[in-house]
Amino acid sequence: MNDMTQVSVRDAAYNFAYLDEQTKRMIRRALLKAVAIPGYQVPFGGREMPLPYGWGTGGMQLTAAILGADDVLKVIDQGADDTTNAVSIRRFFARTAGVVTTESTPDATVIQTRHRIPETPLHADQIMVYQVPIPDPLRFIEPSETETRTMHALNDYGVMHVKLYEDIATFGHIATAYAYPVMVDERYVMDPSPIPKFDNPKLDMSPALMLFGAGREKRLYAVPPYTRVTSLDFEDHPFEVQKWEACCAICGSRDAFLDELILDDAGTQSFVCSDTYYCAQRVSQQEQGQ
Amino acid sequence: MSAQLLQPAFADPVLDAQRGFRAALKALAGPGLIQSLHDVPSLEGLAPATYALCLALLDVDTPLWLAPSFDTPLIRANLAFHCGCPLTSVRSEAQFALLAADDLLDLSGFDTGNDRYPDQSCTLLVQLPSLNGGQVLTWHGPGIERQHSISLPLAEGFWAERERRNEFPRGLDLFFSAGHELIGLPRSTRIAEERA
């Protein structure tokens, strides 16, 4: 254990990890089906959580259903361990489940994330839990659930390519930069949650299990480890990730996903890593190297 | 229902159920890899791993179909008491089914879901004497990095029967259990014969 890890005591007034056992069993059964049908959205009886929709209620219900006493939990919000959403959710599970929490990516067994995949490579004993606002990638094209469900059933995804093509026709390139649709195991088109498309390649053949939970929409889905996940593209407009000319102002990384900071009224820019653990690790390594 | 029929189940219902579920999740997310469950109770006729899956996953919402070999007063009474799951004799109503190796040659009637809701399919819990000793087959697909060579002791006809019931995304998901160990076989796993 290191200084990034915190041990806490469970508040016995709550059932372990807040949810009641029958709710957990219902979510667990849905999760098993989600893993068996990679990329398919399983409806589940989403419960009210003690925080509003949009703050990660779907992810929290999944975390509550899978969490055990031996798990080490990490929560990130846009890559950062120290933002409001991440801190609150971490404290919630520290209090209701008494689990050890950490900021370290390799030490964590369960990582709940809002819109980033850590830069540090994941390993086989980890489970990623994604917070998802709108689980259906077809929803912005076809508002009817009945219709999109039929499209998924019939493997009818032509309209998704039309949307990407319209980007090319309008902007000259595919302008979708986050929540970039992917094809899972050559069958289901899936919304990888609003992660930047920079993170999409990390989904492909990842050794970690990926679980996605949408609380308001009451859907969950999964990508098992070592599953082919390809980002939709065209032969003449292949999928590309973002690149920056700048490097991180703190650690100097040129490989990480960078957040843009505006420093003054004149619009002076600076860039820093969005993954705070990765950035802090690099800085401490550089200090040791000196 | 006589009191002697009832036997203790999980010592810690909350955390033992979580451990049982996580073993099942890992088994299904890594088809063919053996998961072990320790410190779980057994019941006459049910191996610890089988019983742990029942206790972790079944409740009032999950009609269960029992193969005749598992349909004993002891198993009925304990599943009714600890899980509260309704038993059904109609295969198409079952969300879970408890089977032995002999029952695998005819999987007709079990719900394989539909194209719009493939998740509404039945999950089969299959208890075997052991998890190896049969024909070596190559498993690949989601959850498997390259391929696994698995030799479950099953009749050859089972694989053809599974193929018949599997029309992805519709299909049946299976857990094979023996003693304290279990292996998952989701519908997404593709099976091929080992090349000599």
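Since this is a predicted model, take the numbers as computed values, not measurements. Each chain gets a letter, A, B and so on, in the order the sequences are listed, and its residues count up from 1. These values consider heavy atoms only, across backbone and side chains, with no hydrogens, waters or symmetry-generated copies.
With chain A as the partner, the residue from Arg22(B), Lys26(B), Gln120(B) showing the most heavy-atom pairs under 4.5 Å is Arg22(B). Per-residue counts of heavy-atom pairs under 4.5 Å with chain B were compared for Ala36(A), Ala222(A), Ala17(A), Ala69(A); the largest is that of Ala36(A). Contact count versus chain A (heavy atoms, under 4.5 Å) is highest, among Pro169(B), Gly184(B), Pro186(B), Gly171(B), for Pro169(B). Heavy-atom pairs under 4.5 Å with chain B peak, among Leu31(A), Val223(A), Thr150(A), at Thr150(A). Considering only heavy-atom pairs separated by less than 4.5 Å from chain B, the leading option among Asp70(A), Ile37(A), Asn155(A), Leu67(A) is Ile37(A). Chosen from Ile66(A), Asp125(A), Leu154(A), Thr227(A), the residue pairing most often with chain B at heavy-atom distances under 4.5 Å is Ile66(A). When the candidates Ala27(B), Gly113(B), Gly30(B), Gly143(B) are compared by the number of heavy-atom contacts under 4.5 Å with chain A, Gly143(B) comes out ahead. Counting heavy-atom pairs closer than 4.5 Å to chain A, the top-ranked of the candidates Asp173(B), Val60(B), Val14(B), Leu28(B) is Val14(B).
Centroid-to-centroid, the aromatic rings of His152(A) and Tyr157(A) come within less than 6.0 Å. Ring-centre distance between Tyr18(A) and Phe93(A): not below the 6.0 Å cut-off.
Contacts of Ile144(B) with chain A are made by backbone atoms alone, with heavy-atom separations under 4.5 Å and no side-chain atom involved. Looking at Ala56(B), only its backbone comes within 4.5 Å of chain A, counting heavy atoms on both sides. Residue contact with chain A, scored on non-hydrogen atoms closer than 4.5 Å, is absent for Leu185(B). Using a 4.5 Å cut-off between heavy atoms, Leu209(A) touches chain B through its side chain atoms alone. Asp20(A) does not touch chain B: none of its heavy atoms, backbone or side chain, sits under 4.5 Å away. Heavy atoms of Arg187(A) lying under 4.5 Å from chain B belong exclusively to its side chain. Within the 4.5 angstrom heavy-atom criterion, only side-chain atoms of Phe96(B), from C-beta onward, approach chain A. Heavy atoms closer than 4.5 Å to chain B are found in the side chain of Asn15(A), but not in its backbone. In this structure, no portion of Thr189(B) lies under 4.5 Å from any heavy atom of chain A. Of the atoms belonging to Thr148(A), not a single heavy atom falls under 4.5 Å from chain B. In this structure, the portions of Gln22(A) lying under 4.5 Å from any heavy atom of chain B include both its backbone and its side chain. For Ala30(A), no part sits under 4.5 Å from any heavy atom of chain B, backbone or side chain. For a residue to count as touching a neighbouring chain, one of its non-hydrogen atoms must lie under 4.5 Å from one of that chain's; by this rule Arg116(B) touches chain A with backbone and side chain alike.
Ring geometry, Tyr188(A) versus Tyr40(A): the interplanar angle falls from 30° to 60°, so the pair is classed tilted.
Of the possible polar contacts, none joining the Glu161(B) side chain to the Leu104(B) backbone as a donor-acceptor pair under 3.5 Å is found. The backbone N or O of Glu142(A) sits less than 3.5 Å from a side-chain atom of Arg139(A), completing a donor-acceptor pair. Looking at Gln127(B), its side chain does come within 3.5 Å of a backbone N or O of Gly45(B) through a donor-acceptor pair.
More than 12 non-hydrogen atoms from other residues, nucleotides or ligands lie less than 6.0 angstrom from CG of Asp61(B). Arg91(A) CZ: 12 or fewer foreign heavy atoms inside a 6.0 Å radius.
Contact detail for Asp233(A) and Phe239(A): the closest heavy-atom pair is OD2-N, 2.9 Å.
Here the options are Asp115(B), Asp111(B), Thr112(B), the test is side-chain hydrogen bond (donor to acceptor under 3.5 Å, both in side chains), and the partner is Arg170(B); only Asp115(B) passes. Put simply, the residue from Gln131(A), Arg90(A), Lys74(A) that forms a side-chain hydrogen bond (donor to acceptor under 3.5 Å, both in side chains) with Gln112(A) is Gln131(A).
With salt bridges taken as basic N to acidic carboxylate O contacts below 4.0 Å, none links Arg25(A) and Glu21(A). Between Arg76(B) and Asp71(B), at least one side-chain nitrogen of the basic residue sits less than 4.0 Å from a carboxylate oxygen of the acidic one, meeting the salt-bridge criterion.
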